[in-house]
Amino acid sequence: MSNKVLIVGGVAAGMSCAARLRRLDEKAEIIVIERGEYISFANCGLPYYVGGVIKNRGSLLLQSPQAMKARFNIEVRTLSEAVEIFPSLKEIEIRDLTSGRIYREDYDYLLLSPGAAPVDFNMAGSGRDNVFRLRNIPDTDQIRSYILEHQPQKSVVIGGGFIGIEMAEMLYTAGLKVTLVEASNQILNMLDPEMAAFVQKYLRQLGVDLKLGRKVLELEGEPFIKNIKLDDGQELPTELVVIGLGVKPETWLADKCGLKIGDRGGILVDEYLRTSDPYIFAAGDAIEVRDVNTSQNRHFPMAGPANRQGWLAASSIAGEPRPYRGIQGTSIIKVMDLNAAATGINEKQLKANVQSYLCCHLHPASHASYYPGANLLHMKLIFAPEDGRILGAQIVGSEGVDKRIDVIATAIYAGLNVHQLQELELAYAPPFSSAKDPVNMAAYVAGNILDGKVSIIYWPDVEEKLKSGAMLIDVRTPAETSSGMVPGAINIPVDELRQRLDEIPRGKELMVYCRVGQRSYIASRILRENGYDVRNISGGYLLYEAWSSEKKSN
């Protein structure tokens with residue numbers, strides 16, 4: 001006898017589970033309960049429809065209830081809300097949002113995939129007609145309609161995570177002046193501060209006004225918000241407000257029936273996506289799962305893991321259980337013509353976990369520099385000091401970011417170390433890469449640190465070293481230094497270094513930098529071979545420029 005399976009939530013995880021389950025079991029009765037009007041819509045594409053990048057609203061709708069019935073024989077009930085679960089009876093109570101009728105449906109297995117809800121922002125005025133949140137298709141319709149009808153010129157986005165940054169980009173693309181307010185001192189929390197600095201600098205250059213380390217104190221205006229007061233006394237005139245503070249797991253239904261909720265606020269599941277009730281599974285943005293980098297639970301609301309979880313839950317329900325390994329934390333975002341990506345664990349998390357690590361920064365070209373169109377990639381590789389195992393990576397650039405982060409994500413999954421990463425044979429032709437791909441280059445830089453060929457220091461530590469008497473040497477050409485030098489540095493070009501060793505006092509701690517770190521590595525080798533105590537500054541002047549300019553801006 002085949003099972004009757006109810007699925008609450010008809011977007012990524014829910015529809016992935018439903019389709020997979022049907023492929024595994026032709027006889028199962030599958031019913032999807034969806035509170036909204038639409039199923040299987042491209043949630044990640046919503047901001048791009050608001051900004052007009054995606055022209056056709058219909059292209060966001062990946063499936064319809066009619067199509068699911070025709071192809072998969074799955075019954076989808078939209079505008080239907082699950083309001084209570086009765087685990088002992090194996091029943092759920094459902095409200096038909098069109099008629100108001102409340103009825104019950106029994107199940108053999110239940111999957112909860114209600115997703116995540118926007119983080120609360122209940123400040124007075126947050127319900128005004130020009131204050132928006134973005135979760136579903138109706139939300140995008142409202143924002144788009146408001147822009148077309150009212151033609152606003154000024155906007156404020158509250159929150160600097162994925163939703164906030166994507167909405168800032170789309171409002172900018174739609175021709176609005178954008179101010180973004182973020183309570184922490186950086187945007188895009190998956191990046192470390194010095195890597196986020198490249199994105200912040202770029203946004204400021206475009207004219208996006210970033211207010212970092214600021215909180216909204218008051219929303220003023222009726223029936224529309226016209227002014228926003230910040231905690232530092234600044235006032236921001238606005239005609240449109242988007243609240244993008246991130247999301248939290250929607251767990252009230254699970255909590256109400258007594259399922260276990262984790263410390264991160266998500267539904268607790270085991271490695272087979274089973275909740276504390278053996279007949280109830282959960283997947284997607286409503287759950288918390290094991291972070292493979294830290295072995296701690298984490299809420300990671302991303303479409304890729306949600307689809308995978310739905311697929312695996314279906315396998316378990318169909319009697320073909322496969323364990324879910326957990327999340328690694330791979331993500332990417334487009335910011336105008338810039339892309340930012342991360343995988344694995346970042347430095348902030350490592351410090352919080354009191355875990356030892358090493359890291360390096362480099363700025364290789366996206367493809368062979370002699371082939372037209374090459375752009376710099378700003379890369380950070382994090383690795384274990386004891387064995388060189390790769391822990392994480394972050395990349396910012398305009399081209400080739402996605403394929404490099406995916407290679408490193410795969411390397412982390414496989415447990416590779418930096419020496420093995422050096423050996424990867426990656427596709428090369430001048431339009432696509434260099435003979436040493438940026439991934440290989442990052443591994444070579446990390447390998448030199450690991451093997452003791454170079455001692456490294458990071459920009460936040462340089463100032464303190466200078467105060468204690470260390471010497472800072474800029475090994476770029478005089479022409480390069482004319483556009484700026486680090487305060488306290490002296491200029492000795494790397495090609496003159498051997499001839500000018502007498503200008504460098506013995507017994508003094510030295511720090512060297514160039515534009516990206518390659519020439520300063522050569523300089524540090526020359527100095528070390530001549531008996532000097534020297535450290536190469538990771539990331540060079542390019543990293544200093546981004547990091548220091550952001551310190552001043554904030």
Could I get the full list of ring pair (Phe, Tyr, Trp, His ring centres under 6.0 Å) partners for Phe132, not counting sequence neighbours? Tyr146
Above 12 or not: heavy atoms from other molecules or residues under 6.0 Å from CZ of Phe86? yes
Looking only at atom types and distance, does a side-chain atom of Thr173 sit under 3.5 Å from a main-chain N or O of Glu169, one as donor and one as acceptor? yes
Given side chains that start at C-beta, do those of Cys17 and Trp311 come closer than 4.5 Å, heavy atoms only? no
Report yes or no: do Thr343 and Gln328 form a side-chain donor-acceptor pair below 3.5 Å? yes
Please determine whether side chain to side chain contact (heavy atoms under 4.5 Å, CB included) holds for the pair Met336 and Leu338, giving the CA-CA distance in whole Å, both sets of side-chain angles, and the decisive distance to 0.1 Å. CA-CA 6 Å; Met336 280 37 148; Leu338 205 65; 5.8 Å; no
Less than 4.5 Å apart, side chain to side chain, heavy atoms only: is that true for Arg35 and Glu250? yes
For Thr294, does its backbone N or O pair with a side-chain atom of Gln355 as donor and acceptor, under 3.5 Å? no
Does any non-hydrogen side-chain atom of Leu180 lie less than 4.5 Å from one of Leu203? no
Can a donor-acceptor pair be found, under 3.5 Å and without considering hydrogens, that links the side chain of Arg274 to the backbone of Asp277? no
Do Met379 and Ile408 touch side chain to side chain, with heavy atoms closer than 4.5 Å? yes
Counting only N and O atoms by type, is there a donor-acceptor contact under 3.5 Å from the side chain of His367 to the main-chain atoms of Pro430? no
Would you say Glu288's side chain and Arg264's backbone share a donor-acceptor pair under 3.5 angstrom? yes
Quick one: does any side-chain atom of Glu423 pair with a main-chain N or O of Gln420 as donor and acceptor, under 3.5 Å? no
Of Gln309, Glu271, Arg290, which is the lone residue that meets side chain to side chain donor-acceptor pair (under 3.5 Å) with Tyr324? Gln309
Any chance CZ of Phe121 has more than 12 other-residue heavy atoms, nucleotides or ligands included, within less than 6.0 Å? yes
Looking at Ala303, is its backbone amide N or carbonyl O close enough to the side chain of Asn307 to form a donor-acceptor pair, meaning the two atoms are under 3.5 Å apart? yes
In this structure, CD1 of Ile390 is separated from CG of Asn417 (nearest 0.5 Å) by 7.0 Å
Side chain to side chain contact (heavy atoms under 4.5 Å, CB included), that's the test. Do Ile382 and Asp192 meet it? Break it down for me. CA-CA 11 Å; Ile382 306 173; Asp192 287 317; 4.1 Å; yes
Nearest 0.5 angstrom please: Met15 CE to Ile74 CD1, how far? 6.0 Å
Tell me, yes or no, whether the heavy-atom count around Arg23 atom CZ, taken from other residues, nucleotides or ligands under 6.0 Å, exceeds 12. yes
Kindly indicate whether the side chain of Val5, heavy atoms from C-beta on, has any atom under 4.5 Å from the side chain of Asp25. no
Heavy-atom closest pair, residues Leu111 and Ala313: CD1-CB, 3.9 Å
Side chain proximity check, Ile30 to Arg22, heavy atoms < 4.5 angstrom: yes
Hey, can you tell me if His378 and Phe198 have their rings parallel, tilted or perpendicular (30° and 60° cut-offs)? parallel
For Leu176, is there any backbone N or O sitting under 3.5 Å from a side-chain donor or acceptor partner on Ser155? no
Say you draw a straight line from CG of Asn122 to CG of Asp120; how long is it, rounded to the nearest 0.5 Å? 5.0 Å
Compare every heavy atom of Pro438 with every heavy atom of Ala365, then report the nearest pair and how far apart it is. O-CG, 3.5 Å
Nearest 0.5 angstrom please: Lys436 NZ to Tyr444 OH, how far? 5.5 Å
If you measure from CD on Glu386 to OG on Ser356, what distance do you get to the nearest 0.5 Å? 5.0 Å
Could you go through Asn297 and Asp263, starting from their C-alpha distance and side-chain angles, then the distance that decides it, and tell me whether this counts as side chain to side chain contact (heavy atoms under 4.5 Å, CB included)? CA-CA 8 Å; Asn297 274 9; Asp263 294 337; over 6 Å; no
Please report the C-alpha distance between Ile345 and Asp291 in whole Å, then the side-chain angles of each, then the deciding distance to 0.1 Å, and finally whether the side chain to side chain contact (heavy atoms under 4.5 Å, CB included) criterion is met. CA-CA 9 Å; Ile345 193 165; Asp291 184 327; over 6 Å; no
Side chains of Asn189 and Lys348: do they bring a donor and an acceptor to under 3.5 Å? yes
So does Ile31 get a backbone contact from the side chain of Lys4, meaning a donor-acceptor N/O pair under 3.5 Å? no
Test your reading of the model: is there a side-chain donor-acceptor pair from Asn440 to the backbone of Leu421, 3.5 Å cut-off? yes
Assess whether atom NZ of Lys69 is packed by more than 12 heavy atoms of other residues, nucleotides or ligands within 6.0 Å. yes
Minimal heavy-atom distance between Cys360 and Val445, with the atoms involved, is CB-CG1, 3.7 Å
Exercise: identify the closest heavy-atom pair between Leu24 and Ala314: CD1-O, 4.1 Å
Count the heavy atoms belonging to other residues, nucleotides or ligands that lie under 6.0 Å from CZ of Phe432, then report whether that count exceeds 12. no
Straight-line distance of Leu259 CG to Ile287 CD1, nearest 0.5 Å: 12.5 Å
Heavy atoms of Glu182 and Gly160 approach each other most closely as OE1-N, 2.7 Å
If I compare all heavy atoms of Gly373 with all of Glu399, which pair ends up nearest, and what's the gap? O-OE1, 4.1 Å
Would you kindly say whether Glu347 and Tyr357 are connected by a side-chain donor-acceptor distance under 3.5 Å? yes
Contact between Thr78 and Glu37 at the side-chain level, heavy atoms closer than 4.5 Å - yes or no? no
Tell me, do Ile85 and Tyr107 make a side-chain contact under 4.5 Å, heavy atoms counted? yes
